[in-house]
Amino acid sequence: MTLEVDKLSATLGPVRVLRDISLKVNDGEIVALLGRNGAGKTTTLRTIMGLVPATSGKIFLDGKDITKLPPHIRARTGIGYSPEDRKIFLQHSVIENIRIALWMSGQNESILDDVFDTFPVLREMKNRKGMYLSGGQQKMLSIARAMPLGKRLLLIDEPLEGLSPIMVRTLAERIKVIRSKRGVSILLAEANVFNALQVADRIYVIERGEIVFEGSSDEVRADENFMKKLMEV
Amino acid sequence: MNVPSLPRFPLVLGAVALILLLAAPFYTTSFNLTLAMKAMAFAGTSLAFNLLFGYTGLLSLGHAMFFGGGAYVTAYMVKRMGVQSLEILLPMSGIGAMILAALVGAVAVRYTKIHFLIITLGFSQMLYGLVLKFYTFTGGTDGLGPVSGLRFFGLPISLRDYSLYYFAIGVFLLITFLLWVIVRSHFGKALQAIKENTTRATYVGIPQIRYKYYAFVISGFFSGLAGTIWAIATVHVAPDSLYWILSADIIFITLLGGYAWFIGPILGSFIFVYLQNTFMSLTGYWMLPLGAIFIAILIFARGGVAMLVYKYILRARR
Amino acid sequence: MSAKDRRGFIKTVAAGVAGLAIGGIGGFLASSMNQQPTTTARTETRTVTLRETITQTVTGAASPRTTPTTPLKVGVINPLSGGGAPLGDPGAKGGLLAVELINQAGGILGRRIEVVGPIDTVGLPDRAVDAVTRLVQQEGCRIIIGEVTSAAGLAIADAADRLGFLWMPCEVWTPRVFETRRKFTFRLSWSDAAAGVGAALMALRIKPDVRTIATINQDYAHGRDNWESFRSTIQALKPDVRVVEELWFPLYGLTDATPFITRLMAARPDIVQSTIWGSDRFVFYRQAVPAGYFRTVLHLDTCLTGMDGHNRETWPDGLYAGSQYNRFYPPWDLWPINKEFNEAFIRRFGQPAFAEGAQSAANMFTNFLALKQAIEKAAATVGGWPEIDEVAQAMVGMRVIGPKGIITIREDHEFEGPQVWARTKYVSGVPYPIVDPNEVVTFPAELTVPPPGVAWREWVRNYKIRAIT
Amino acid sequence: MIDLSFATYYILGSLFFASLVFLISAGLNVIFGVLRIINLAHGSLYLLGSYVAYSLFIAFSSLDRILLSVTVPLLAGLIVGLVGIGLEYFMRTVYRLPIDYQLLFTFGLILIFADVMRMIWGVNPLTFGAVYFAYGTAPIGNLFFPLYNIFIIAVTLFVGLFLWYFLQRTRLGSVVRAVASEREMSSALGIDIKRVFIVTFLIGAFLGGLGGAVTVPVLPASPGADINILIIAFVAVVVGGLGSVKGAFVGALLLSALRTIILIVFPELELFSLYLFMVAVLLVRPYGLFGAKE
C-alpha cells in the first residue's frame with residue numbers, strides 16, 4: 001500500500017477543515033478525491049504534502065509514518081505534488097522548473113526524456129519562461145514538474161479543471177501513461193465526476209471535511225442515481 | 001490579530017490612572033511632569049496612528065510628519081509670528097497637520113500594505129528634507145525655540161504653576177475622548193470592517209478609499225494636536241520630531257502597548273518614555289537594552305502590555 | 001546732492017575706510033608676525049603649571065556660611081551616540097579628568113565633586129532637556145557641563161534660565177545662544193561668528209590680494225553661519241571680493257565628495273573657507289588630497305584642533321587651519337599646562353583625544369577649572385559656600401588659566417580668548433602634521449569676537465579693524 | 001564652465017556613488033526578495049563590515065596594499081555573512097509575523113548593533129587610507145580622479161555580474177529564485193526552505209559587509225553611518241523594485257545621477273528630491289521599475 005491516511009484532521013485558522021479522514025492508495029492505483037469547492041480536497045492533499053499541519057491522525061507512505069516530517073523531506077521520500085493553482089515558477093524557464101525537482105530528487109538527467117516524452121509540447125518550449133505559457137501548458141508543466149519527485153506517489157490537484165474536452169482527454173491519458181510507465185500511485189482531487197471517472201480506478205467522495213463515500217469507478221458508473229447526485233457537485 | 005471579545009479594562013483602572021495623573025504635581029517633581037507631558041504627546045499621536053493601524057489596517061511609517069508638523073506649526077507661530085495664545089496655537093497645529101494629511105492622504109490611501117508604508121515614509125522624509133534645509137524659516141537643525149510665554153485665553157500658562165501640565169492633560173483627554181467617540185461610531189466600525197475584509201467591506205457598501213482618506217485626515221489632525229503638547233513639553237522643536245526614527249518609535253509604542261486595545265498606545269507611551277529615560281540616565285549604552293526590549297516584546301508579549309495586563313486580570317479573577 | 005551723487009560719495013568713503021582697514025590689518029598682522037609666538041599673556045605665565053592652577057585657592061574672610069560636607073554634584077552631558085559622539089565622548093573624558101584631578105587636590109574649598117553622568121543626549125534637544133531636567137530635579141545638580149550640538153545647546157540654554165542651573169557647553173558654536181540674554185549660560189568656547197572672522201583675517205594675511213572666495217560646508221546652520229561671518233567680514237574689508245562658489249554637503253552621510261571637489265576646482269577661487277567636522281571632513285580630505293585639490297586651491301579650515309588622528313593621507317601638507325585650541329598649541333614648552341593636560345589625558349584614557357575631540361576635551365577641562373575658580377572667587381566675596389547665582393556673578397570678568405591658554409569671561413558670558421591660525425606641515429619622524437612654528441598667528445579676542453550687546457551679523461557686515469589696546 | 005574633463009569627472013563620481021548605493025541595496029534586496037522582510041538592520045551590517053575591515057587592515061597592515069584591498073573585503077564580507085547567519089536564526093521568530101513586527105525586530109537590531117559596535121570600536125571615525133592611496137590617481141584633463149573609486153566601481157560591476165551569474169546560471173541560484181517566487185511550492189518540491197534562507201542571509205549580509213569593507217578606505221566607519229546609508233539604499237531599492245537585483249542596479253544609477261545633478265543645481269533640495277523621486281516613481285509604478293507584482 002503506497003499511501004495510508006488514518007483519521008486525519010486539520011484546521012485552517014479557527015476553522016476545522018478536515019475531520020478524521022481515512023483513505024488508502026494502493027500500489028499503482030489512481031484514486032480520485034471527489035468533492036465540491038470547499039469540501040476539503042485541496043486541504044487533504046496539502047496535509048498529506050505537509051503544507052498544512054495535521055492536528056491529529058497519521059499519514060503513512062509505504063508503511064512509514066511521515067506525519068511529522070517537513071514537506072521537503074516528504075517530497076524527497078517520493079511524493080510529487082501539483083497544486084490546483086499550478087504554482088509554477090514564472091521567472092524560470094520550463095526546463096528550469098523541471099530541473100529544480102530533478103535536482104531535489106537526486107536522479108540523473110535521463111528522466112527529462114521521460115518527462116518530455118510524456119508531455120511533448122513542453123519539449124518544444126523548454127526554454128520559454130513559465131509566465132509566457134498558456135493555462136493548459138502551465139498545468140502540464142506543473143504535473144511534469146511533480147514527476148521526478150513522485151517516485152512513489154503523485155498528488156495532483158484538479159488537473160482537468162477548466163480545460164477543453166480535448167485537453168481533458170489528452171491529459172487524462174497522459175496521467176494514465178505516467179502511472180503505467182513509472183509505476184507510481186496517483187491521488188488526484190477532482191470536482192467533476194466525469195473527469196474523475198476518466199482516469200480513476202477508485203473514488204472517494206468528500207463533503208464538509210468528511211469522507212462520505214468510497215468505491216471503485218465501476219461501482220460509481222453503475223449507480224446512476226449516485227452519479228446524478230454527484231453531478232450536482 | 002484577533003481581539004478576544006471580552007476585553008474591556010475595568011473602568012476603575014482608568015479612573016485611578018487619571019487621578020494619579022491629575023494629582024501628579026502633588027507627589028512628584030516637575031521633571032516627571034515633563035516626562036508625563038512627553039508621554040501624553042506620544043500617546044496622542046500613537047492613538048491617532050492606531051486609528052489607521054489598529055482599526056483600519058494601514059501601517060504608516062510617516063506619522064512623525066503630522067506630529068512634528070503640528071509641533072513646528074506651534075513653534076513657528078510662537079517664534080516667528082509672536083502668537084502666544086494656546087487657544088489659537090492648538091487648533092492651528094491640528095489644522096496645519098490636517099491640511100498636510102489631506103494632501104498626502106489623497107495619494108497615500110490608494111495604496112495598501114508595504115506600499116502605503118513606503119509612500120508615507122517618502123512624504124515624511126520629503127517634509128523632513130525641506131525643514132532641514134530651509135533654515136531661514138525653520139531654523140534648520142537648530143530647530144525653533146523656546147516655545148514660551150504662552151497664554152490661554154489671556155491667562156499666563158507655565159510649568160511653574162503646573163498650568164501647562166494641566167493644559168497638556170486637557171488636550172490629551174480631548175484627543176483620547178474624541179478618538180474614542182470616533183472609534184465607537186459607525187464610521188469607526190466601518191473602518192474595522194475595511195481592515196477585516198476589504199472586499200466584503202466594499203460589498204456591503206462602504207466606500208473604502210473615501211473612508212480610509214477620512215481616517216487618514218482625522219489621524220493627521222489629532223497627531224497635530226499631540227504635536228502641540230510635544231512643542232510645549234520640550235520647549236524646543238527640532239527636525240528630529242519629523243524624522244523616520246520617530247515614526248518607528250510611534251509604531252513601537254503602539255505595539256508595546258497593544259494595538260488591539262484602544263488604550264494600548266497610551267500604556268505604550270508612558271512605558272516607552274519612562275524606559276528610555278531611565279536607560280539613558282543609567283548608562284551611555286542605552287540603545288542596547290531598549291533594542292533588547294523591542295525584541296523581547298516581539299517574542300514574549302506580542303499583544304503588548306495591554307494583553308499582559310488583561311491576562312493578569314483574568315487570572316486574578318479566577 | 002542727488003541720490004546718485006550720494007551713493008557715489010558713500011562708495012568713496014567706504015572704499016577709503018576699507019583701504020585704511022586693510023592697511024591697519026596689514027600692519028597688525030605684520031607686527032604679530034614679528035613677535036613669535038605672540039601673546040604676552042602666555043609668556044608672562046609660562047611658569048604656571050597644571051598642578052598650581054588646580055591647587056591654588058582663593059581664601060576669603062571667615063565665613064558665616066558653612067561649606068556643605070556632601071560632595072558637589074555636577075551633571076555632565078554630551079552626545080555619546082550618533083554623529084556627535086566623536087566630539088561628545090572625548091569631551092566627557094576631558095571633564096572627568098578635570099574632576100579627578102581637582103578631587104585629588106582636595107576638591108573645591110575642600111568639597112569633592114561628584115559627577116552625575118555622563119548622560120547621553122544624542123545631540124537632540126528633547127533628550128538634552130530631559131537630561132538636564134532630570135539632573136536638576138532628581139539628582140539635585142545645580143551645575144551642568146557639556147553638550148555639543150547647537151540644537152540641543154539652544155534648548156539647554158533656555159532650560160538653564162527656566163530651571164536655574166549653571167551651564168557651560170562643551171562646544172556649541174551657534175551665535176544664537178547669546179541672542180537672548182542668558183543668566184546662567186557661560187560659553188568658554190568659540191562661536192561660528194568668531195571662527196568666521198578669524199578665517200577672514202587669516203585669508204587676508206596669507207593672500208592680501210584675494211579677489212574671489214568660495215565655500216564648502218555642511219548644509220546647516222553651523223556651516224551657513226560660519227560662512228556668512230567669513231564672507232561678510234572679508235567683504236567689509238575688501239568690498240570687491242566676489243563669491244564664486246557656494247557648495248553645501250548633504251547633511252547626513254557624505255559619501256562622495258568628488259562632485260564638490262570638481263566644482264570648487266573649476267571655479268578657481270583664491271580662497272576656500274570651510275568648517276566641516278566629524279566623519280565628513282575625513283571623507284572630504286581623503287578624496288580631495290589625491291584629486292590635487294589642495295595643489296590648486298588655497299583652503300582655510302577651522303579644524304586645527306588635534307591633528308594626531310591625521311596623516312598625509314587625510315591632511316594635506318601646508319594646510320592653513322585655525323582653532324581656539326590645538327593639542328600642540330599653545331606650545332608645550334612655552335605653556336606647560338597644555339603638555340600636562342595632554343599627558344594626564346593619555347595616562348588616564350590610554351590614548352589622546354582624537355582629531356577635533358582634542359578641542360572638546362580641552363573645553364570641558366577648562367569648564368571645570370573655571371567652575372572651581374568661580375566658586376572660590378564667589379566664596380571669597382560672600383564669605384562661605386556661594387549660591388548658584390553668586391557663582392554666575394563671579395564668573396563674569398574672570399580670567400581662567402588652562403590648557404587653552406588664558407581666557408576671559410565677558411559680561412555677556414561669552415568666552416574671550418585668542419584664536420590660533422597656522423600653517424601645518426610634516427616633519428620627519430612625526431606621523432601627524434604639526435603646526436609650523438614660523439607661521440602661527442594668534443588673533444586677539446577683540447578682533448574676532450563680536451563685542452557684548454552687538455548683533456554679530458551687524459558687526460561682521462560693518463567689520464573694521466579696530467585699534468588693539 | 002564645465003568642459004569635457006569635468007563632465008567625465010562628474011560621471012565617474014556619480015558612478016562611484018551609484019556603486020556604494022548598489023552594494024548596499026543589492027543585499028537588502030536579495031534578503032527582501034527571498035524572505036519578504038525589510039531588513040532595517042542591513043545598514044548595521046554595512047557598518048559592521050566597515051569596522052571589521054578596519055581591524056583587519058590594521059592587523060595585516062604590513063602586507064601589500066593592493067593585495068589587502070582585495071582580500072580584506074572578502075574576508076570581512078565573510079565574517080559579516082556569518083554574523084548574518086546568526087541573525088537569521090533569531091529572525092525566524094518573525095517570518096510568519098506581519099510586517100510591523102518585522103520592522104520592529106530589525107529596528108531593535110539596529111539599536112543593539114549600534115551599541116555593540118560602539119563598545120568595541122568606540123566613537124572616533126575609523127578609516128584606513130593607505131589602501132586608497134596605494135591606488136593613486138588618474139589624470140582627467142587637468143584633474144585627478146582617484147583610482148580607488150574606479151576600483152569600487154569595478155567591484156560593484158563584479159558583484160553585479162556575480163549575482164547575475166549566481167542567480168541565473170547556478171543550481172543554487174535557481175533554487176533561491178524558486179523560493180523567492182513560490183516559497184511553499186518550493187518546499188513541496190523538496191527544497192529545504194530553512195537552508196535557502198540561511199544561504200540568502202549569508203549572501204545578503206556578505207554583500208552588506210563587503211560594501212562596508214570596500215568603502216572603509218574612503219568613508220570612515222563612525223556611529224550613525226548605519227542609518228545614513230540605509231536611508232539612501234532604501235530609496236534605491238524602492239525605486240528599482242523591492243526584491244529585484246536588476247532594480248537595485250538601475251535604481252542606484254538613477255538615484256545617483258539625480259543626486260549629482262541636484263547637488264550641482266540646488267543642494268538645498270537634495271534630501272527632498274530623493275524622496276520626491278521615490279514617491280513619483282511609486283505613483284507611476286507602484287512596484288518600482290522592476291518589481292514584481294505581489
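Each chain gets a letter, A, B and so on, in the order the sequences are listed, and its residues count up from 1. Keep in mind that the numbers below use all heavy atoms, side chains included, and drop hydrogens, waters and symmetry copies.
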| field | Part of Leu154(C) within contact of chain B (heavy atom distance under 4.5 Å) | value | both
| field | Leu144(B) versus chain C, the contacting section by heavy-atom distance below 4.5 Å | value | neither
| query | Looking at Thr234(B), Asp142(B), Leu282(B), which makes the most heavy-atom pairs under 4.5 Å with chain C? | reply | Asp142(B)
| said: Counting heavy-atom pairs closer than 4.5 Å to chain B, which one of Asp126(C), Thr121(C), Thr174(C) comes out on top? | reply: Asp126(C)
| task | Compute the centroid of each ring, for Phe349(C) and then for Phe345(C), and state whether the two points are separated by less than 6.0 Å. | result | yes
| Centroid-centroid under 6.0 Å between Trp248(C) and Phe260(C) rings | no
| field | Ring centre gap for Phe294(B) and Phe252(B) strictly below 6.0 Å | value | yes
| query | Contact part of Ser150(C) toward chain B, heavy-atom cut-off under 4.5 Å: side chain, backbone, both or neither? | reply | both
| query | Relative to chain B, which segment of Asp158(C) carries a heavy atom at a distance below 4.5 Å: side chain, backbone, both, or neither? | reply | side chain
| task | Say whether Thr45(B) and Ser223(B), considering side chains only, have a donor N or O and an acceptor N or O under 3.5 Å apart. | result | yes
| field | Greater than 12 external heavy atoms within 6.0 Å of Phe26(B)'s CZ | value | no
| For Glu139(C), does its backbone N or O pair with a side-chain atom of Lys73(C) as donor and acceptor, under 3.5 Å? | yes
| request: Can you tell which part of Arg162(C) gets under 4.5 Å to a heavy atom of chain B, answering side chain, backbone, both or neither? | output: both
| field | Pick from Val129(C), Ile119(C), Leu80(C), Asp130(C) with the largest number of heavy-atom pairs that fall under 4.5 Å of chain B | value | Asp130(C)
| request: Could you tell me which portion of Ala155(C) (side chain, backbone, both or neither) has an atom closer than 4.5 angstrom to a non-hydrogen atom of chain B? | output: both
| message | More than 12 heavy atoms of other residues, nucleotides or ligands under 6.0 Å from CZ of Phe137(B): yes or no? | response | no
